[in-house]
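Shown next, in structure tokens, is the structure this report addresses.
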Amino acid sequence: MNKLKAYFSNTTDDFWAWLFPITHLMHVAEEYFVGGGYSEYLMRLSGVHLSESRFLVAQSVGLVLMVTGILIARRLNFLSMMLVILGATCLVNGLSHTITSAVNLAYGPGLVTSLFVWLPLGVATLIRCYGKMARGRYWTAVAIGIGINVAVGIFTLRGGQFQ
């Protein structure tokens, strides 16, 4: 684990943090443009209507929150914790896409960026940040990342509505 951590620690936290909004845009582009789009996929898979415009608004809000979180974390000096939150969020989202596609034995929009971008970025981030903060703080950040995925999943399965 120490060799892996050393390998991933050669970049600055600032550079590493900005990988998340960039890869988020890649992931959303795949979800929107490939395989009929995530909205159509969700309807086919779960019978949930999430309009394309609602999907794009939700993804834009997610991007704004991500960028705002990074800026605040930099300003208030908790960037390592923010990286763990983002890493856990990407890892769990990537696992969700991967497991759903495996269970259904079919491609789901977002699978390629999940497998080749978000899973590696999430794992690398968690390895990179392990030991940079107190254990309780690290695992709290992981739990927050998981919680974000649960909230997004519930919101998505409600068709992008707060009901």
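Only heavy atoms go into these numbers, but all of them, side chains included; no hydrogens, no water, no symmetry mates. Fair warning: this is a prediction, and the values are worked out from it, not measured in the lab. In this chain, residues are counted from 1 in sequence order.
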Could you report the tightest heavy-atom contact between [X] and [Y], atom names first, then the distance?
X	Y	answer
Ala17	Leu79	CB-CD1, 4.0 Å
Gly35	Pro109	O-CG, 4.0 Å
Gly108	Ser101	N-OG, 3.3 Å
Leu126	Ala88	CD2-N, 4.0 Å

Kindly compute the distance separating [atom1] ([X]) from [atom2] ([Y]), expressed to the nearest 0.5 Å.
X	Y	atom1	atom2	value
Leu63	Leu56	CG	CG	12.0 Å
Leu19	Leu121	CG	CG	6.0 Å
Leu86	Ile144	CG	CD1	11.0 Å
Glu31	Leu111	CD	CG	10.5 Å
Asp14	Ile70	CG	CD1	9.5 Å
Leu91	Ser96	CG	OG	11.0 Å

Check whether any side-chain heavy atom of [X] sits under 4.5 Å from a side-chain heavy atom of [Y], and report yes or no.
X	Y	value
Leu119	Leu95	yes
Val112	Tyr107	yes
Arg74	Met82	no
Thr156	Phe55	no
Tyr32	Tyr38	no
Met43	Val48	no
Leu157	Leu42	yes

Main-chain N/O of [Y] paired to [X] side chain as donor or acceptor, under 3.5 Å:
X	Y	result
Asn149	Gly145	yes
Thr125	Leu83	no
Ser80	Lys132	no
His24	Cys90	no
Glu30	Thr113	yes
Ser39	Leu50	yes

Using the rule that two of Ile, Leu, Val, Met, Phe, Trp, Tyr join whenever any of their side-chain heavy atoms come within less than 4.5 Å, decide whether [X] and [Y] are in one cluster.
X	Y	answer
Met26	Val64	no
Val34	Val117	no
Phe15	Met81	yes
Leu115	Phe20	yes
Val150	Leu65	no

Is the closest side-chain donor-acceptor distance between Trp118 and Thr23 under 3.5 Å?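 Per modelled atom types, Trp118 and Thr23 side chains form a pair under 3.5 Å.
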
Pair Arg128 + Asp13: basic N to acidic O under 4.0 Å: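 Salt bridge flag = yes for Asp13 with Arg128.
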
So does Phe116 have more than 12 non-hydrogen atoms from other groups sitting under 6.0 Å from CZ?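 At most 12 heavy atoms, drawn from other residues, nucleotides or ligands, come within 6.0 Å of this atom.
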
Does atom CG (Asn77) have a neighbourhood of more than 12 heavy atoms from anything else shown, all under 6.0 Å? no

Listing request: all side-chain hydrogen bond (donor to acceptor under 3.5 Å, both in side chains) pairs with a residue in residues 134-148, at least two apart in sequence or in separate chains.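 Qualifying pairs: Tyr130-Arg135.
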
By the side-chain hydrogen bond (donor to acceptor under 3.5 Å, both in side chains) test, which pairs, at least two apart or in different chains, include something from residues 83-93?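 Residue pairs passing side-chain hydrogen bond (donor to acceptor under 3.5 Å, both in side chains), neighbours aside: His27-Asn93, Asn93-His97.
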
